[in-house]
Amino acid sequence: MTPETGPAPGRAQLRFTQAVLRGLVTTVGSRTLHFAEEGPALGLSDAEIARLSRVIGLRARQIVPGSETTVDLCAASARRLLAGTGVRADQVQALIMVTQTPDHAAPSSAIALQHRLGLPITSMAFDMRLGCSGFVYGLCVAYSLVQSGLDHVLLCVGDVASRLVDPTDHAIAPIMGDAGAAALIGRGDSVATFEMYSDGSGGRALMVPNSGIRHVPDDEGKPARMVMDGAAVFNFTLQRVPALVRDALALAGREPGDIDYFVLHQPNRYILQNMQKRLGLPEAKMPMATQSAYGNQNAASIPGTINGFLADAFASRRLTALFAGFGIGLSWAACVLETDRIYCPPTFAELDDQ
Amino acid sequence: MTIDIAGLAAAALQQVSTELALPEPIRLSDETDLFAQVDSFTIVDLLLETEQQLEAALGRYVPLGDEAVFDAEKSPLRRWANWVAHIGARCHDA
C-alpha cells in the first residue's frame with residue numbers, strides 16, 4: 001500500500017492522516033482475586049497452581065465485586081476521560097462500544113452509554129461485537145469517522161469477562177479480568193496505518209454457545225458460557241501474530257527500532273515471551289505483565305496495558321507505538337500510530353461517584 | 001558448542017513430570033506420543049522448561065513453540081524422536 005496506490009488488492013489496509021488519539025482511561029473491577037487463593041477452590045493442586053503461575057503468568061486479577069457491567073466501567077472511564085481532556089459531552093459526535101458483554105442483546109449498549117454520558121441526540125452510537133482484537137478494530141473505525149469529518153469520537157472497549165465464564169472452569173475462569181476503557185479520538189495531523197484480518201473458520205475455537213438466535217445441535221445443553229480450545233487458540237496466535245506485527249511495520253514503512261512501544265493484547269506470558277523473542281524485540285519495549293496483575297482484559301487489554309504500565313510515558317512525551325490485538329472470531333489487527341502527550345492517567349480500580 | 005539435545009529434552013520432561021507429580025511416569029522411546037499423554041498446559045510447560053534449559057546450555061534463547069506444536073496431525077510431540085529433531089533444528093536456525 002502507498003498513498004498513491006491505496007490498499008493492496010483484497011487487503012483491509014487503511015491509512016489516516018487527520019486523526020489522533022487524545023486520551024486513554026481504564027477502569028478495572030475493584031475486587032482483587034489472588035490465584036494462589038483461588039486455585040484450591042477450583043480444584044487445583046499446589047503443583048498445578050505453581051505450573052499455571054509459571055506458564056501463564058497467573059498472579060492476580062481484578063473483577064467487579066457485584067453486578068456492575070461493562071457499561072458501568074466504560075462510563076466511569078469515559079467521564080474521567082472527558083474531564084481530563086476538557087472535552088464536553090455535548091462536543092462528542094460519535095460513541096463506539098466494543099464488547100462481548102453488553103447490558104442487553106438489544107438495544108445496543110453504546111446508545112445506553114450515550115444517554116448516561118449526556119451525549120447529544122445528534123451524535124451516533126453503535127456497538128461492535130469483538131473481543132481481544134476489538135480495540136484496534138474500534139480505533140480504526142473511530143479514525144475513519146474523524147478522517148471523514150467528525151471532531152470528537154469516543155471509543156469504549158471492555159468486558160466483564162468474569163461473568164461470561166463458568167467460575168468452576170479452571171482452564172478459563174482464573175484468566176479473566178474485568179475492565180472498561182475509553183479512548184478519545186480527535187482531529188490532528190498525524191499518520192496512522194491499520195491492518196485488519198478475520199477468519200470465521202476458527203469461530204468455534206473461542207465462543208459462547210447458545211447465546212444467540214442460531215440453534216446448533218452440537219451445542220445442545222451447553223451453558224451460555226465462554227469456552228476455549230486452548231490448543232487451537234495457541235496455534236492461531238503463534239501462526240498469525242508475528243506475521244501481523246511484521247506486516248504492520250512494513251505497511252507503516254517502519255523498522256522495529258522506530259517503535260517506542262509494542263503494545264499487544266495480553267493473553268499469557270508464554271505467548272508474549274515467545275513472540276517477543278521471535279520478533280527480536282527488547283523486553284523494555286513490549287510490556288507483558290498485564291495478565292499477571294489484572295487478568296485477561298479482552299478488548300480493554302491494550303488500553304489497560306498502557307494505563308497500567310505505560311501511563312507516564314504516554315502522558316509525558318511524543319511516541320510511536322504499534323498496537324496489536326488478536327482473538328475471538330477469529331480476528332486479528334494491528335496499527336502503527338503516533339501519540340503526543342495524551343491524557344493517560346494510571347488505571348483506576350473503582351467506579352467514579354456517578 | 002555441542003549439547004546432548006536428547007538428554008536435555010528428556011531432562012526437561014522429567015522436570016515437568018516431577019513438578020506435576022504425574023500419576024504414571026512417561027516411558028520414553030523414539031515412538032512415544034507425548035501429545036496424546038499430556039494436556040495442553042503441560043505441553044506449554046514443557047516448551048518453557050526446555051527453552052530455559054536450552055538457554056542455560058547455549059547462552060541464547062531458542063524459541064520452540066510454533067503453530068505446529070499443537071496441531072493434532074503435525075505436532076513433533078506426536079513422536080519423541082521428532083521432538084528431539086525439532087529442538088535440534090530450532091537450535092540450528094536460531
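What you see below is based on every heavy atom in this structure, not just the backbone, and it leaves out hydrogens, waters and symmetry mates. Reminder, nothing fancy here: chain letters follow the sequence lines and each chain counts from 1.
One distance of note links CD of A:Q273 with CD of B:E51; it measures 7.0 Å at 0.5 Å rounding. Here the CZ atom belonging to A:R269 is positioned 7.0 Å from the CG atom belonging to B:L48, to the nearest 0.5 angstrom.
Contact between B:Y61 and A:N274 at its shortest, heavy atoms only, is OH-CA, 3.8 Å. Minimum heavy-atom separation, A:N235 to B:D66: OD1-O, 4.1 Å.
With a 4.5 angstrom heavy-atom cutoff, A:I271 does not touch chain B via any of its atoms.
At most 12 non-hydrogen atoms from other residues, nucleotides or ligands lie less than 6.0 angstrom from NZ of B:K74. Atom CZ of A:R31 sits in a sparse spot, with 12 or fewer heavy atoms from other residues, nucleotides or ligands closer than 6.0 Å. Within 6.0 Å of CG on A:D258 lie more than 12 heavy atoms contributed by other residues, nucleotides or ligands.
Here B:D45 is the residue among B:D45, B:V69, B:L47 with the most heavy-atom pairs under 4.5 Å with chain A.
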